[in-house]
Amino acid sequence: MTEPQKTTGENRPDASTPTPKNRSFFWLIVSGFISMIGDQFTLIGLPWLTLKLTGDAMALGFVLAVVGLPRAIFILLGGAIVDRYSPKGVLLASKYINTALLGLLAWFVFTGGLTLPVLYVLAAAIGLASAFAYPAGTSILPFVVPREKLAQANGLTMATRQVTFFIGPLIAGFVIALFGPDGLNSEQVVTNELAAEATGLALVFALDGLSFLLSGFMLHLVHTRKAEKGTATGGVLHLLVEGIRSILKDRELRLLFAYMALIQIFVVGPMQVGLPVFAESHLDGGAASFGTIMAAHGAGVLIGVLAAGAGLKLGFRTLGQTFLSIDILIGLAVAAFAYVTTTFTGGAIMAAAGVLGGIVQVRIFSWLQGRTPPAQMGRVMSFFMFIVMGMAPISASAAGWVLSFVDITTFFLGAGLMLTLTAAISLMIRPMREVGAPATQD
């Protein structure tokens with residue numbers, strides 16, 4: 001396996017490249033848009049459902065871990081299966097499986113038959129299906145658009161994804177609120193918190209299942225080119241082991257991936273577990289406030305992605321200086337969230353954090369893609385996804401456990417300050433701040 005190619009600084013797609021225009025790309029992006037809108041419904045509905053079913057932050061963390069663990073464990077296997085068969089075939093199968101799983105979840109919620117063990121099983125199954133959907137979804141584009149149009153196509157796909165982060169949670173939060181105890185069925189007599197919001201929650205999961213079904217139908221309209229012979233040789237397991245060894249020998253990748261794994265503890269868990277708990281206990285809007293705050297974060301990320309893609313320069317010499325400095329600010333924003341008293345203030349803070357996070361996201365992905373040879377691209381990017389997704393369930397479980405001992409204000413304050421401290425210390429370590437430094441000439 002060859003050494004990764006070094007580049008001079010952070011690489012960005014050529015903005016002059018024309019937007020890809022073909023019907024298959026159109027149907028692919030519409031299919032993805034509908035599916036990602038549905039994903040946001042479950043992102044809001046699942047934590048809210050768990051809280052209403054159990055009232056326990058630790059149980060919420062465990063449910064999120066049950067979703068994330070199968071995805072993290074099997075995502076590398078999912079990538080191998082995608083290569084063995086086809087991205088389109090695996091993606092179609094995952095969409096129809098998710099349709100069935102979410103339909104079952106909606107039925108159990110609506111009929112009142114949902115128990116915590118059933119929720120665990122369905123959550124694990126949804127997580128397992130996503131382990132194959134993620135690599136399939138990120139692999140199909142090169143078979144739909146010409147290779148020279150990939151940068152522009154990826155940019156458009158990423159922007160579309162961020163739009164769903166904005167509108168999806170907003171719709172889901174208000175659907176739950178509209179059909180909850182204060183909505184259209186407020187005259188009904190209910191016996192517990194879950195029953196009071198069962199109709200809205202069931203509708204949210206049913207709509208997500210429908211989104212997968214419609215997305216699958218549209219994916220049938222996408223015509224893919226015959227796969228070209230890959231430049232990497234050897235068996236799947238051999239290539240996987242070889243790729244991991246190469247990444248571990250690369251100091252810049254090793255440092256970046258280790259840091260990314262560490263900060264998941266201070267970002268992902270607090271956001272996934274802490275935000276719904278905070279919205280329920282500190283904000284009057286309940287689910288609507290939760291959805292609004294998540295939507296504000298999605299809007300912020302969209303702005304950050306577009307700004308970074310348009311060539312925004314922050315004056316930093318290296319990639320390391322860029323993401324470490326930004327993480328210091330994000331940590332302060334998380335800490336400030338501890339003192340939020342209104343949905344508007346919470347949304348403003350999360351939007352600002354989203355802008356910063358969107359900039360980091362584009363910079364890191366562009367740098368990784370720019371320095372990695374095509375024959376190693378799949379393994380490097382899948383390893384990056386594995387690191388991030390692998391830490392997510394651990395972070396969620398840890399966050400739920402911590403919340404069983406401390407109040408939500410202390411929780412956000414501690415998480416934010418720990419992120420800021422970690423980034424600040426890393427910034428003082430030369431190899432960390434020199435990640436992505438321009439290559440020197442001999």
Side-chain angles (χ1 to χ4, degrees), residues 35 38-78 81 90-137 172 176 192-213 215-216 268-269 272-273 276-277 287 386 389-401 403-404:
S35 178
D39 289 343
Q40 298 308 305
F41 285 8
T42 294
L43 182 66
I44 296 296
L46 192 59
W48 204 254
L49 169 65
T50 307
L51 284 177
K52 294 304 177 182
L53 181 65
T54 67
D56 184 4
M58 184 177 291
L60 171 58
F62 190 72
V63 167
L64 295 177
V66 166
V67 173
L69 277 173
R71 181 174 58 203
I73 293 172
F74 290 98
I75 194 168
L76 296 179
L77 176 62
I81 291 177
V90 175
L91 192 57
L92 274 171
S94 69
K95 288 183 183 297
Y96 293 140
I97 290 172
N98 271 313
T99 297
L101 291 173
L102 288 161
L104 275 175
L105 181 57
W107 174 256
F108 277 119
V109 173
F110 184 73
T111 59
L114 185 69
T115 61
L116 196 56
V118 171
L119 180 59
Y120 288 152
V121 171
L122 289 175
I126 290 171
L128 181 60
S130 68
F132 302 94
Y134 273 92
I176 296 173
N192 56 60
E193 290 191 46
L194 178 57
E197 301 196 39
T199 301
L201 284 165
L203 184 58
V204 161
F205 295 123
L207 288 173
D208 190 9
L210 179 61
S211 76
F212 276 110
L213 184 62
S215 179
V268 177
Q272 285 187 331
V273 178
V277 173
F386 173 77
M389 293 181 178
M391 290 304 300
I394 297 174
S395 175
S397 296
W401 178 77
L403 270 176
S404 65

A.B. asks: Looking at every non-hydrogen atom in both residues, tell me the closest pair between Ala59 and Thr54 and how far apart they are.
C.D. replies: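 Smallest heavy-atom distance, with atoms named: CB-OG1, 3.6 Å.
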
A.B. asks: Heavy atoms only: give me the nearest Ser94-Ala133 pair and the separation to one decimal.
C.D. replies: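 Result for this residue pair: OG-CB, 3.5 Å.
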
A.B. asks: Does a side-chain heavy-atom distance below 4.5 Å link Leu114 with Leu49?
C.D. replies: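 A side-chain contact exists here, since the closest heavy-atom pair is under 4.5 Å.
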
A.B. asks: Quick check: closest heavy atoms across Ala106 and Phe205, and the distance to 0.1 Å?
C.D. replies: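 Minimum heavy-atom contact is CB-CB, 4.0 Å.
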
A.B. asks: What pairs of donor and acceptor atoms, side-chain ones from residues 38-46 against any protein atom, are under 3.5 angstrom apart with sequence neighbours left out?
C.D. replies:
unit_1: Thr42; atom_1: OG1; unit_2: Asp208; atom_2: OD2; d: 2.3

A.B. asks: Could you walk me through whether Val277 and Leu51 pass the side-chain contact (heavy atoms from CB on, under 4.5 Å) check?
C.D. replies: CA-CA 8 Å; Val277 173; Leu51 284 177; 4.3 Å; yes

A.B. asks: Looking only at non-hydrogen atoms, find the nearest pair between Ala124 and Pro70 and report the distance.
C.D. replies: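 Smallest interatomic distance, heavy atoms only, reads O-CG, 3.8 Å.
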
A.B. asks: Does Trp401 have any ring pair (Phe, Tyr, Trp, His ring centres under 6.0 Å) partners at least two apart in sequence or in another chain, and if so, which?
C.D. replies: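 Ring pair (Phe, Tyr, Trp, His ring centres under 6.0 Å) list for Trp401, sorted by chain: Phe405.
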
A.B. asks: To the nearest 0.5 Å, how far apart are CG in Leu101 and OG in Ser130?
C.D. replies: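 Rounded to the nearest 0.5 Å, the CG-OG separation comes to 10.5 Å.
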
A.B. asks: Between Pro276 and Trp48, what is the shortest heavy-atom contact and its length?
C.D. replies: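 Smallest heavy-atom distance, with atoms named: O-CZ3, 3.8 Å.
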
A.B. asks: Within the side chain of Thr99, is there an N or O that forms a donor-acceptor pair under 3.5 Å with the backbone of Leu213?
C.D. replies: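 At least one qualifying donor-acceptor pair exists.
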
A.B. asks: Measure across Lys95 and Phe212 and return the closest heavy-atom pair with its distance rounded to 0.1 Å.
C.D. replies: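 Heavy atoms only, the tightest pair is O-CB, 3.5 Å.
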
A.B. asks: Atom CG of Leu53 and atom OG1 of Thr115: how far apart are they, to the nearest 0.5 Å?
C.D. replies: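 It is 8.0 Å, given to the nearest 0.5 Å.
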
A.B. asks: Listed by chain and number, what are the side chain to side chain donor-acceptor pair (under 3.5 Å) partners of Tyr120, not counting sequence neighbours?
C.D. replies: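 Applying side chain to side chain donor-acceptor pair (under 3.5 Å) to Tyr120 gives none.
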
A.B. asks: Give the intermediate values and the outcome of side-chain contact (heavy atoms from CB on, under 4.5 Å) for residues Leu105 and Leu119.
C.D. replies: CA-CA 8 Å; Leu105 181 57; Leu119 180 59; 4.1 Å; yes

A.B. asks: To the nearest 0.5 Å, how far apart are CD1 in Ile97 and CG in Leu92?
C.D. replies: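 Interatomic distance, Ile97 CD1 to Leu92 CG, rounded to 0.5 Å: 11.0 Å.
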
A.B. asks: First locate atom CG of Leu201, then atom CZ of Phe108, and finally report the distance between them rounded to the nearest 0.5 Å.
C.D. replies: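 These two atoms lie 15.5 Å from each other.
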
A.B. asks: Atom CG of Leu60 and atom CG of Leu403: how far apart are they, to the nearest 0.5 Å?
C.D. replies: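 That separation rounds to 9.0 Å.
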
